[in-house]
Amino acid sequence: MILNANGSKPIYIQISEWIETEILNGNLTKDDKVYSQYKLAELFTINPATAAKGLNLLADEGILYTKRGLGKFVTADARTIIMNKRKNQTLKGLLQEVALEAERLHVTENELVEMLRQIMKERKEDSR
């Protein structure tokens with residue numbers, strides 16, 4: 001992953017989202033140890049304090065837990081927490097933008113739903 005230092009999203013958020021994606025993809029599972037702030041700093045060439053902020057954000061959300069002296073680990077509910085968060089925040093926000101653009105373009109609800117079905121069908125075919 002390449003971080004976007006010039007983007008509007010803070011680096012620590014990008015770090016936390018990267019770890020979340022690793023969990024969603026199954027690369028990190030329950031009780032797996034995640035990279036330390038120093039390893040993340042080395043991987044992404046960032047300040048360790050920035051990496052720590054991303055890790056602490058995930059801990060505050062119940063996605064990671066700390067074993068004193070050992071580091072941070074993935075909680076049993078991490079995947080569910082991330083899925084709910086992304087559905088309720090990320091996906092909902094994207095859909096609100098799509099709905100607004102559809103209104104501007106006078107796209108009907110049925111047309112929009114059909115476009116989404118077609119895209120999902122194509123993605124399913126591509127993944128085979």
Side-chain angles (χ1 to χ4, degrees):
M1 178 187 154
I2 298 172
L3 299 177
N4 183 358
N6 299 320
S8 62
K9 192 177 288 188
I11 298 293
Y12 76 95
I13 300 275
Q14 293 178 56
I15 293 290
S16 68
E17 288 178 349
W18 177 73
I19 294 169
E20 287 179 353
T21 300
E22 289 293 293
I23 293 168
L24 288 176
N25 289 340
N27 298 326
L28 291 170
T29 59
K30 176 184 173 234
D31 296 324
D32 281 351
K33 182 177 182 183
V34 299
Y35 290 120
S36 71
Q37 70 188 62
Y38 301 105
K39 184 64 177 174
L40 288 168
E42 181 184 318
L43 282 172
F44 296 109
T45 320
I46 59 171
N47 187 309
T50 302
K53 194 170 180 181
L55 291 169
N56 289 333
L57 176 65
L58 294 173
D60 291 345
E61 293 175 344
I63 294 168
L64 300 180
Y65 66 93
T66 303
K67 285 187 182 178
R68 190 176 172 128
L70 296 176
K72 297 217 182 303
F73 296 79
V74 178
T75 65
D77 297 329
R79 199 167 197 295
T80 302
I81 292 167
I82 296 165
M83 288 175 64
N84 287 333
K85 180 175 100 170
R86 289 196 177 181
K87 282 179 194 175
N88 294 325
Q89 292 175 7
T90 307
L91 196 54
K92 189 173 183 177
L94 290 170
L95 288 172
Q96 287 171 336
E97 289 180 40
V98 168
L100 182 60
E101 187 67 11
E103 283 179 21
R104 287 188 201 116
L105 299 173
H106 304 289
V107 174
T108 67
E109 184 178 332
N110 288 339
E111 288 175 306
L112 196 56
V113 169
E114 186 51 41
M115 289 171 79
L116 180 59
R117 279 192 182 113
Q118 185 61 38
I119 289 168
M120 292 181 83
K121 179 182 175 188
E122 290 168 5
R123 288 197 45 80
K124 193 180 287 185
E125 290 170 357
D126 288 347
S127 67
R128 290 183 188 165

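FYI, the numbering just counts along the sequence from 1. Here the structure is a predicted model, which means the values were calculated and not measured.
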Next on the checklist: Measuring from atom OG1 of Thr90 to atom CD of Glu20, what distance do you get when rounded to the nearest 0.5 angstrom?
Outcome noted: 8.0 Å

Item to check | Results of side-chain hydrogen bond (donor to acceptor under 3.5 Å, both in side chains) for Thr66 - residues two or more places apart only | outcome: Lys72

Item to check | Steps toward side chain to side chain donor-acceptor pair (under 3.5 Å) verdict (Asp77, Thr80) | outcome: CA-CA 5 Å; Asp77 297 329; Thr80 302; 5.5 Å; no

Item to check | Verdict with reasoning, Lys67 to Asp31, per side chain to side chain contact (heavy atoms under 4.5 Å, CB included) | outcome: CA-CA 10 Å; Lys67 285 187 182 178; Asp31 296 324; 5.9 Å; no

Item to check | Between CG on residue Asp32 and CD1 on residue Ile23, distance to nearest 0.5 Å | outcome: 9.0 Å

Item to check | Side-chain cluster (under 4.5 Å, hydrophobic types only) that Leu94 belongs to, other residues | outcome: none

Checklist entry - What residues form a ring pair (Phe, Tyr, Trp, His ring centres under 6.0 Å) with Tyr12, not counting sequence neighbours? => result none

Checklist entry - Given the rule that I, L, V, M, F, W and Y join up when any side-chain heavy atoms are under 4.5 Å apart, are Met83 and Leu57 in one cluster? => result no

Next on the checklist: Between Thr75 and Ile63 (side chain of the first, backbone of the second, donor and acceptor by atom type, cut-off under 3.5 Å), is there such a pair?
Outcome noted: yes

Item to check | Residue list, side-chain hydrogen bond (donor to acceptor under 3.5 Å, both in side chains) with Asn25, at least two apart or on another chain | outcome: none

Enumerate, atom names and distances included, each donor-acceptor pair closer than 3.5 Å involving a side-chain atom of residues 33-45, sequence neighbours excluded.
unit_1, atom_1, unit_2, atom_2, d
Lys33, NZ, Leu70, O, 2.8
Ser36, OG, Tyr38, N, 3.3
Ser36, OG, Lys39, N, 3.0

Next on the checklist: Tell me whether Ile81 shares a hydrophobic cluster with Leu58, the cluster being built from Ile, Leu, Val, Met, Phe, Trp, Tyr side chains joined at under 4.5 Å.
Outcome noted: yes

For residues 103-114, which side-chain donor-acceptor pairs fall under 3.5 Å, sequence neighbours excluded?
unit_1, atom_1, unit_2, atom_2, d
Arg104, NH1, Glu101, OE1, 2.5
Thr108, OG1, Glu111, N, 3.0
Thr108, OG1, Glu111, OE1, 3.2
Glu111, OE1, Thr108, N, 2.7

Checklist entry - Are Phe73 and Leu55 connected, step by step, through hydrophobic side chains (Ile, Leu, Val, Met, Phe, Trp, Tyr) whose heavy atoms are closer than 4.5 Å? => result no

Checklist entry - Rounded to the nearest 0.5 Å, how far apart are CD1 of Ile19 and CD1 of Ile82? => result 9.5 Å

Next on the checklist: Hydrophobic cluster membership, with links at side-chain heavy-atom distances under 4.5 Å among I/L/V/M/F/W/Y: are Leu95 and Met115 in one?
Outcome noted: no

Item to check | Close side-chain approach of Thr50 to Ile15, heavy-atom, < 4.5 Å | outcome: no

Item to check | Heavy atoms of other groups near Lys92 NZ, more than 12 under 6.0 Å | outcome: no

Checklist entry - Which heavy-atom pair separates Glu17 from Arg86 by the least distance, and what is that distance? => result O-NH2, 3.1 Å

Checklist entry - In terms of hydrophobic clusters joined by side-chain contacts under 4.5 Å, are Leu91 and Leu24 together? => result no

Next on the checklist: With rounding to the nearest 0.5 angstrom, report the CG to CD distance, Asn84 to Gln89.
Outcome noted: 10.5 Å

Next on the checklist: Tell me the closest heavy-atom pair linking Ser16 and Ile13, and the distance in Å.
Outcome noted: OG-O, 2.8 Å

